[in-house]
Amino acid sequence: MKIFSGSTNKRLAKKIVESLKSESIKLGKLKIDNFLDGEILPIFKESVRDEDVYFIQSTITSKSIIETLLVVDAAKRSGCKSFTLVAPFQGYSRQDKIDHLRSSIGSKMLADILEKVGVSKIITIDLHASSIQGFYNIPLIHLNGNKIFIDYVKGIKDLTILSPDQGAVPRASDFCKAFPKASFAMINKKRIKPNEIHSMELVGDVKDRNVVIIDDLIDTGGTLKKAANLIVENGAKSVRAIATHGVLSGNAISNIETSPLKELLVSDSITKNDLIASSKIKYVSCGELVSKAIWSTANKMSIHELNTVK
Ligand code: R5P
């Protein structure tokens, strides 16, 4: 097996390789050249012939998707045995169905092109909708991001786990399995267009509770800020949030800083955001989880235990 990193997740890739049980596996040599006009040219600087290639790259931007496709092409043309795309965050996951008249389904299109270029397997964490798994005809290992954050919530008294919208209910309910004494609440959210929320209505009691919001991703932080305000208005003692993927675009930082949130925990599935300075944002690495998943699949071991919240 050989492991390589794309340009979006270099620090995470190092952590993943360091966490592997084998010290003989090092990050492989892959050069990604960029022409001045933006064209990308990946070149493997070591042989991948008959190797199981693992490529670590969150497909967050359109550029990283093209880079990924070209790397698959280079690996296949160089005779690799299999190609596993390790994409801790998969972009375009929010396009999982037709939500707007005559719109695209980006996650289905992404699945089609990844398969077409020759990806053999995918490892990812917390797809926006778990039904996206069905868009693939190759094995897709869908890791449970809740596992990364459980330890950080232990010790919070009068705990209420809250889902910020209907879509996040299964994820938040799964998180509750680790906290049987916690109560549950949710928000009924309506959107008019992407990144713009129309209305929010709290379902459940948060008075005198320490609330932890569980979401898959934070983008502009609009959902989070509005949810945190609503929770505080309804008498909560404190509000924290956990989101597996810190997309953090647009006004995200100022929305988070000016919200009543005590803290926001995100994973390093999107590595560029490690650098974002905010007193409220804390990073928790998903490296060990991903590393264990790579090790399990490479050694034909079940990932069931790895994925179960208890
Ligand atoms: C929505 O369905 C997602 O789970 C997130 O809550 C949402 O995408 C976050 O977007 P923003 O931070 O821009 O409100």
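Just follow the structure's listing: the first ligand is 1, and inside any ligand the first atom is 1.
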Output the list of atoms in ligand 1 that are nearer than 4.0 Å to some heavy atom of [X], sorted by atom number.
{"X": "Lys189", "answer": "1 (C), 6 (O)"}
{"X": "Arg94", "answer": "8 (O)"}
{"X": "Asp216", "answer": "3 (C), 4 (O)"}
{"X": "Thr220", "answer": "11 (P), 12 (O), 13 (O), 14 (O)"}

Between Ser82 and Lys121, do the side chains contain a donor N or O and an acceptor N or O under 3.5 Å apart? no
Answer yes if the side chains of Asp174 and Asn146 hold a donor-acceptor pair under 3.5 Å, and no otherwise.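 Short answer, yes.
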Test Glu46 against Lys2 for salt bridge (Lys or Arg N to Asp or Glu O under 4.0 Å), laying out the working first. CA-CA 10 Å; Glu46 61 184 71; Lys2 289 203 173 181; 3.1 Å; yes
Ring geometry between Phe4 and Phe44 (parallel below 30°, tilted from 30 to 60°, perpendicular above 60°): perpendicular
When you measure from the heavy atoms of [X] to every atom of ligand 1, does any distance fall below 4.0 Å?
{"X": "His128", "result": "yes"}
{"X": "Gly221", "result": "yes"}
{"X": "Leu217", "result": "yes"}

Hey, is Asp165 touching ligand 1 through its side chain, its backbone, both or neither, going by heavy atoms under 4.0 Å?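 The answer is the side chain.
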Which pairs with one or both residues in residues 157-186 pass ring-ring contact (aromatic ring centres under 6.0 Å, His included), sequence neighbours excluded?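 Every ring-ring contact (aromatic ring centres under 6.0 Å, His included) pair that includes a residue of residues 157-186, provided the two are not neighbours, is Phe175-Phe179.
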Identify whether Leu202 and Met186 are in the same connected component of the hydrophobic contact network (ILVMFWY, side-chain heavy atoms under 4.5 Å). no
Relative to atom 5 (C) of ligand 1, which among Asp215, Ile218, Thr223 owns the nearest non-hydrogen atom? Asp215
Checking salt bridge (Lys or Arg N to Asp or Glu O under 4.0 Å) against Asp268, which of Lys10, Lys282, Lys15 comes through?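 When salt bridge (Lys or Arg N to Asp or Glu O under 4.0 Å) is applied between Asp268 and each of Lys10, Lys282, Lys15, only Lys15 qualifies.
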